[in-house]
Amino acid sequence: MSAPELGATSLLRYLWRQLTSMRTALILLLLLGIASIPGSIFPQRTQSPLKVREYFDDDPSGSKWLDRLYLFDVYGSPWFSAVYLLLFVSLVGCVLPRSLHYFKEIFAAPPGAPSLLNTMEGFQVSPARLESAEAWLKKDKFRISRTSDSIAAEKGYLRETGNLLFHLSLIVVLLGIAASSVFGMRGEAIVNVGERFINTPTNYDNLTPGRFFSLESLPPFTIKVNNFSASYDRKTSQALDYELRVTTKDSLDSSEVNQIVKVNEPLTFGSTRVYLQANGYSPLVTVRDSQNLVKFEGPVPFLPQDSNLGSIGAIKVPDMQPQIGFVSSFFPTAARDEVRGGFSSFPELLDPRLLVSVWKGDLKMDEGVPQSIYRIDTEEMERIGLWALSIGESYAFEVGSITLNGVVPWVNLQVVRDPGKQYALFGSILAITGLLISLFIRQRRIWVRQVGGNIEIAGLALNKLPGLEDEIGRMIREIGDQK
Amino acid sequence: MSRSDWAYLSNDLIYITLALFALSFLSYAYETAFSLRANKADGGKYLDRAVTTKARKIASILFVVATASLTLAVIARGISAERIPLGNMYEYSITGAMAFALAFLLIGIKFDLGWLGLPSSILILLILGTAITLLYRPSAPLVPALQSSWLVIHVSSAILSGGIFLLSNTVAGAYLWLDRMERKGERSEFAKRLPSLESLDQLSYRLVAFVFPLWTFAVISGAIWAEAAWGRYWGWDPKETWSFITWILFASYLHARVTAGWKGRKAAWLCLIAGSSYLFNYVYINVWGSGRHTYSGL
């Protein structure tokens with residue numbers, strides 16, 4: 001059965017030709033633009049998981065449908081990837097053959113003069129001789145092909161080079177992006193001031209490695225967080241400056257280096273960079289049982305809720321009998337009004353208060369279900385106390401006591417390995433260079449033909465940039481002068 | 001002078017600028033209106049240009065003075081905040097209006113843009129009016145995420161591109177309006193003074209071709225900055241997504257013109273669609289959108 005096979009190959013060839021046509025590439029480009037719109041309308045899991053959760057809370061069944069259409073993961077969805085991959089294939093299939101064709105053409109002679117010059121651009125007649133036209137074109141560095149009664153000349157071949165450079169470098173950019181997502185990694189860790197971050201998988205709060213990134217290849221650096229200072233505008237609470245001072249080591253036995261990290265100035269360890277992304281406060285608390293034995297001690301990171309760093313958090317003490325949990329709020333500068341109750345009026349530690357509501361019962365920490373470190377499920381617990389602590393103060397409840405010893409800031413370090421970014425940048429710079437060349441270099445042809453005692457001159461501006469008519473005018477003036 | 005003196009000076013200058021642009025607009029309007037008054041000697045057929053040359057001259061002088069005053073206002077705002085005045089939407093708007101006005105004047109040296117004076121002055125009035133009434137924020141230092149030399153490079157290239165996209169859209173809009181008029185019959189007396197469809201078509205294309213590399217650069221410099229500030233060069237933030245869409249639309253526009261030979265009506269519509277995606281990004285995403293490009297209080 002050879003006939004259907006032949007049909008299949010010709011069909012494939014037909015499909016390939018369709019896919020790699022410039023028209024398809026343009027349609028796919030437009031489609032990629034349209035496909036990226038929903039991602040700016042619906043909240044995306046990668047950027048704002050909390051907003052996605054709100055969607056599910058507000059409208060569970062509708063959200064389920066949106067989710068089936070990947071509208072919360074647009075940029076990782078099969079349909080977005082399909083457009084992206086088809087565009088990539090189409091671009092490769094369109095640009096590579098064109099480059100080959102162009103490399104042949106770069107050495108070719110300009111195509112001969114059309115039979116009717118007066119239909120072309122800038123048509124003029126001059127009594128000058130064909131030879132002086134040829135000399136003028138040569139002097140002006142046109143490439144020339146000559147017959148006995150006509151000249152074809154072309155200039156500005158660099159435009160096509162720029163055009164191809166632009167499209168080839170788009171492929172470099174796309175490859176760079178792909179390399180980043182496959183060979184890269186990103187992760188986040190909350191580190192209290194005074195603590196040390198060692199770059200191993202267990203020290204991350206969340207870690208997303210690329211498909212071909214091995215966790216063993218995390219570089220063995222350590223970062224000791226020495227000090228974090230933030231300054232704020234007294235009136236508006238707007239942040240003015242964040243400065244993080246750290247001591248870093250590239251590996252366990254290399255020497256220590258003191259460094260400063262700012263929002264726009266990350267740390268660099270080879271191809272891995274560490275960014276200062278967020279900050280908040282960790283109250284330092286000690287919890288004792290009724291025998292006055294210390295059951296819990298240390299800083300607990302709280303999650304900021306507003307621009308004045310009013311924060312919520314949870315202190316969980318599973319070692320006490322019964323288990324104790326403190327559902328808490330922290331206000332760096334405590335204030336109170338009738339509408340909001342307690343709140344924070346400034347992000348610096350001017351008058352810190354820790355509000356604790358004490359719950360006893362089952363913290364459900366042994367069930368293996370991942371819990372938020374900022375919240376407590378109090379469904380099977382009973383509230384046994386409520387107090388607002390200032391620094392140094394203790395509060396005794398039914399089965400023990402809690403003391404607020406102090407407050408330290410925490411910082412959220414984002415660790416990113418992005419091996420493709422140099423290629424993406426390199427590709428972008430090439431792309432812009434190619435774009436400038438292809439948009440601003442005039443590629444044009446000029447034809448001259450002997451008709452009786454006169455010569456006819458006309459041309460074609462290949463990329464429609466103006467100036468051809470002036471050029472032909474200048475040519476006629478100058479060869480007329482020579483005569 | 002103290003910082004708040006400079007801030008007050010800047011605000012006063014913005015009000016003066018508004019008044020000057022309003023006067024310029026009125027002169028352009030006068031010119032337009034009275035050019036319609038037919039000359040009795042020729043049976044009311046043609047325009048009486050002599051009456052209006054003076055109005056046009058006054059209007060352009062007012063436009064130049066208003067632009068100068070706006071430039072001073074932007075500079076004073078910068079001095080008052082001790083930084084480049086690109087820290088919030090109010091500042092983007094006044095700097096963007098300045099870019100638009102300067103582009104209008106600079107391009108006007110080579111091409112006769114006087115006929116665009118009326119729509120241009122009204123656009124600038126709208127931008128500045130919205131800025132001072134709805135978007136105004138007191139002069140303040142930058143939030144830490146904006147403390148970078150990329151601010152100047154990225155935001156100024158984006159704003160400048162926007163100003164020129166807007167100009168190319170104004171031209172494309174004029175094209176469509178005149179095209180409609182010509183298809184219905186003859187151009188009105190007023191419209192007869194405007195450039196030919198051909199030259200409008202060319203001008204709008206040239207503006208886009210000129211500014212497209214700058215817009216590409218604005219997107220790339222944004223990516224470089226995002227890598228330094230947020231740890232990723234591209235994250236599909238709404239503003240990033242829409243600048244990508246704008247880029248794609250203008251790329252398609254250039255492609256359609258150069259390789260598919262589009263021109264005239266179809267090209268003008270595509271130009272308007274692409275330009276509106278820029279405006280959508282600027283207005284909608286800044287005001288109602290979420291994402292990392294929205295900073296406290298616009």
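Values below: all heavy atoms of this structure, side chains included; hydrogens, waters and symmetry mates excluded.
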Where does [X] contact chain A at under 4.5 Å (heavy atoms): side chain, backbone, both or neither?
X: Arg206(B); answer: side chain
X: Glu227(B); answer: both
X: Phe217(B); answer: both
X: Trp247(B); answer: side chain
X: Trp150(B); answer: neither

Considering only heavy atoms, which portion of [X] lies under 4.5 Å from any heavy atom of chain B: side chain, backbone, both, or neither?
X: Asp241(A); answer: both
X: Leu240(A); answer: both
X: Phe166(A); answer: side chain
X: Ala230(A); answer: neither
X: Leu29(A); answer: both
X: Ser180(A); answer: side chain
X: Leu425(A); answer: side chain
X: Ile34(A); answer: neither
X: Arg23(A); answer: neither

Side chains of [X] and [Y]: donor-acceptor distance under 3.5 Å anywhere?
X: Tyr136(B); Y: Asn11(B); result: yes
X: Asn199(A); Y: Tyr204(A); result: yes
X: Ser80(B); Y: Tyr8(B); result: no

So Trp236(B) and Trp234(B), would you call those rings parallel, tilted or perpendicular, with 30° and 60° as cut-offs?
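Correct class here is perpendicular.
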Parallel, tilted or perpendicular: which fits the ring planes of Phe228(A) and Tyr242(A), with parallel below 30° and perpendicular above 60°?
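Aromatic pair Phe228(A)/Tyr242(A) classed parallel.
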What residue in [options] has the most heavy-atom pairs under 4.5 Å with chain A?
options: Pro213(B), Ala251(B), Ala256(B); result: Pro213(B)
options: Leu249(B), Thr241(B), Val258(B); result: Thr241(B)
options: Leu254(B), Ile224(B), Thr246(B), Ile220(B); result: Ile220(B)

I'd like to know which of Asp233(A), Thr46(A), Ile177(A) tops the heavy-atom pair count under 4.5 Å against chain B.
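Option with the top pair count is Ile177(A).
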Please confirm whether the ring centroid of Tyr70(A) lies under 6.0 Å from the ring centroid of Trp79(A).
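When the ring centroids of Tyr70(A) and Trp79(A) are compared, they turn out to be at least 6.0 Å apart.
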Output field: ring centroids Tyr253(B)/Phe212(B) closer than 6.0 Å:
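No - the distance between ring centres of Tyr253(B) and Phe212(B) does not fall below the 6.0 Å cut-off.
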Enter the distance from Leu165(A):CG to Thr161(A):OG1 here, rounded to the nearest 0.5 Å.
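Atom-to-atom, Leu165(A):CG and Thr161(A):OG1 are 8.5 Å apart.
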If I take atom CZ from residue Arg77(B) and atom CZ from residue Arg83(B), how far apart are they, to the nearest 0.5 angstrom?
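It comes to 7.0 Å.
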Kindly determine whether Arg265(B) and Asp179(B) satisfy salt bridge (charged side-chain N to carboxylate O under 4.0 Å, His left out), including the steps that lead there.
CA-CA 8 Å; Arg265(B) 211 177 308 150; Asp179(B) 177 57; 2.7 Å; yes
Test salt bridge (charged side-chain N to carboxylate O under 4.0 Å, His left out) on Glu469(A) and Arg444(A); report intermediate values, then the result.
CA-CA 11 Å; Glu469(A) 284 176 21; Arg444(A) 68 273 193 199; over 6 Å; no
